[in-house]
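A short worksheet on the structure shown next.
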Amino acid sequence: MITPKLPHIYYGGDYNPEQWPENVWSEDMRLMKQAGVNLVTIGVFSWAKLQSAPDRFHFEWLDRVMDLLADNGICADLATATASPPPWLTRLYPEILPIKDDGTRLWHGARQQFNPSSRAYRDASATLVRQMATRYKDHPALALWHINNEYACSLAADYSDETAEAFRDWLKARYPTLEALNEAWTTAFWSQTYYDWSEIIPPRQAPMPMPYFLNSGLVLDYKRFMSDAFLACHVNEERILREITPAIPITTNLMGTFGPLDYVKWAKHVDFTSHDCYPDPSIDPYGLPLTHDFTRSLKPGVPFVLMEQVTTHVQWRPRNVTKSPGTMRLWSYQAIARGADGIMFFQWRQSRGGVEKYHGAMVGHSGDDSSRCYRESAGLGGELTKLDGIVGSRVESQTAILFDYDNWWAFELPSKPSNELKYMEEISAFYWPLFHANLAIDFAFLESDLSRYKLLIAPTLYMVKAGVAEKLEEFVQAGGTLVVTFLSGIVDENDRVHLGGYPGPLRRLLGLCVEEWAPMTEDQTNRIHSDWLQADYKVGHWAEVIHTEGAEVLARFARDYYAGSPAVTLNRVGDGRAYYIGTKAEPRFYADLLGVIAAESNLKPPISAPIGVEVAKRCGDEASYLFILNHLEHTVDVTDERLSGMDLLTGKELSGRISLDAKGVAVVQTRCDSPSSLPG
Ligand code: GAL
């Protein structure tokens, strides 16, 4: 449980009473209670309302909001309000304003216009946060802290002189000497050797334009540094909150796998993770389950919160397709099924003005309970009160996808044999077949305990840092199944090639050597044939010329100068298996491959269900909960003898069968499984 103050599924949204006259606030309370709201995020963008000069604070209105919430039994997820510095602050300290890579300064008038390395920004944030924490530390409504908002969402990098200084300090802490940096960045190439730290500048275009590809060590370290700079802003606030309110849990709203920030590091600085999730109904028929699994995996064993989603439609896409009736409910249950203990929205009441006035909300412009968005919100809020038992229960998975931000950044650095490969595409190629097979999926990170997994998939593990190959070998030796894909084992943590033959430190484990790469044009394809899978598959974009060194060949290329050479291999090591895939194949291949591997590893879904029906399971101390979600537009029957127990949403006892309407959901409480008796 995230906090004993609220032993229920959290339900509510971003509440921005500062946009409304006070006579609306009491109506808000009435509608919130009617909709089952028990938590609201307040103050996210209220800095300008809370402070009008360095020494002028205006907390009275927030006092009244907090009191009103407490009087109505609604908890506050109090935001630190530092996401958008007010104009008076950037007028006094223009150096807070960020500078783009072309040297342009960005002004206020939108939001999130701050340079994370700015001393003035960090000091002003710290002052505000200290004031807020001191004022509300004993307030009965205060349940959670919400630091800032979607760090780096609007602007993920800064190129100012102050940032350049901070970058040099960061480098001095990372490299013992300038010689060590020169070595790590291979600056001997193109006469880039630095003789003084002051010669190092951020990878910007101005005032010193860089005419061609930038040094990859510089670019990679800049990404790491920028992520750390944003994290330092978070820690700046976290430190104060922990000092003044040590018992109040802290979070910040993440954004799925968001590329610019290393959320694995971030997770150590929150008590629970939360994230914002905006699937596009026109292209994401199954919502965005990957982002829920990722957010949960950042903090193993701790529930997460879906901090923002929309009831109907957003306003920031070229066309903003609305969620059809039932979709918001279905996707909310998807988050809970995958480990969420809270369902929240942006926002409570639809704004009257400002750029988000056409963004959906729980209460629409009608202002009352007559709209579909309110009816659906209130319907879900009422249902969630039946799920108290689920709070704190866990998702247990025996399959994981290995994920590493440094690897992502290095993999997508320019100047490669193919500059069109995308890390998330390679991750998704495995994620979706696992999802459709209803196998629980964790994300694992380099520091994770791998012993709990039977299957570990490492898509394009391009960067292999010290100790990682040994860790993977240990996993396989002990009986694990590892799947590694093309372009793995290529560079060290400084993007320098592991010499001695690809895939470098993974060569022994995989039992093969990659002699060369053979990227294809957009129009080219090849085929692979597998006796093992008894099928042929189309492949494209990437192929490798592989020589086995102990591995068995499971599929071979059909055409081109490397026809007949291995495309998919298996190396048996200790008690386990290490598969290698040296190409990019059509989706059917991944589904077939994972089907066979799942059978070998005895990995099974909780129950069998037709395609289009998502099944996931949460395990509590006293019961397990089976979530059955019908993503289809028609009624389906799900039949399985393990489907027995009470559907908490209808109160009906099930024995082996359920019929679900289009977009229908069931949450079946079943007997408790001990982890050792989990399926598989
Ligand atoms: C998020 C943000 C919210 C709101 C929402 C709109 O990025 O945190 O404040 O802007 O998007 O979808």
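Just so it is clear, the model here is predicted, and its values are computed rather than measured. Each ligand, and each atom within it, is numbered from 1 in the order the structure gives.
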| request: Among all protein heavy atoms, pick the one closest to atom 6 (C) of ligand 1 and tell me residue, atom and distance. | output: His359 NE2, 3.1 Å
| query | Does a donor on one side chain and an acceptor on the other come within less than 3.5 Å for Ser46 and Glu18? | reply | no
| message | For Tyr121 together with Tyr93, are the ring centres under 6.0 Å from each other? | response | no
| Near Lys49 NZ, under 6.0 Å, is it more than 12 heavy atoms from other residues, nucleotides or ligands? | no
| Per atom 1 (C) of ligand 1, closest listed option by heavy atom (Met307, Glu308, Gln309) | Glu308
| task | Considering the heavy atoms of Asn149, write down every atom of ligand 1 situated less than 4.0 Å from one of them. | result | 2 (C), 8 (O), 9 (O)
| By number and element, which atoms of ligand 1 are closer than 4.0 Å to a non-hydrogen atom of Glu356? | 4 (C), 5 (C), 6 (C), 10 (O)
| request: Could you tell me whether Glu150 and ligand 1 have an N or O pair separated by under 3.5 Å? | output: yes
| message | With heavy-atom distances below 4.0 Å as the criterion, list the atoms of ligand 1 near Tyr278. | response | 5 (C), 6 (C), 11 (O), 12 (O)
| note | Trp316 heavy atoms within 4.0 Å reach ligand 1 at atoms 6 (C), 12 (O)
| query | Mind checking whether Asp14 has an N or O less than 3.5 Å away from an N or O of ligand 1? | reply | no
| In terms of the angle between their ring planes, are Tyr222 and Tyr159 parallel, tilted or perpendicular, with boundaries placed at 30° and 60°? | parallel
| note | Under 4.0 Å from one or more heavy atoms of Arg111, ligand 1 contributes atoms 2 (C), 3 (C), 4 (C), 7 (O), 9 (O), 10 (O)
| said: Using ring centroids (six-membered ring only for Trp), state whether His436 and Tyr286 fall under 6.0 Å. | reply: yes
| How does Met255 reach ligand 1, if at all, at less than 4.0 Å between non-hydrogen atoms: by side chain, backbone, both, or neither? | neither
| query | Can any side-chain N or O of Thr311 pair as donor or acceptor with the backbone N or O of Ala361 at less than 3.5 Å? | reply | yes
| task | Please list all pairs passing the ring pair (Phe, Tyr, Trp, His ring centres under 6.0 Å) test where one or both residues lie in residues 16-50, with sequence neighbours left out. | result | none
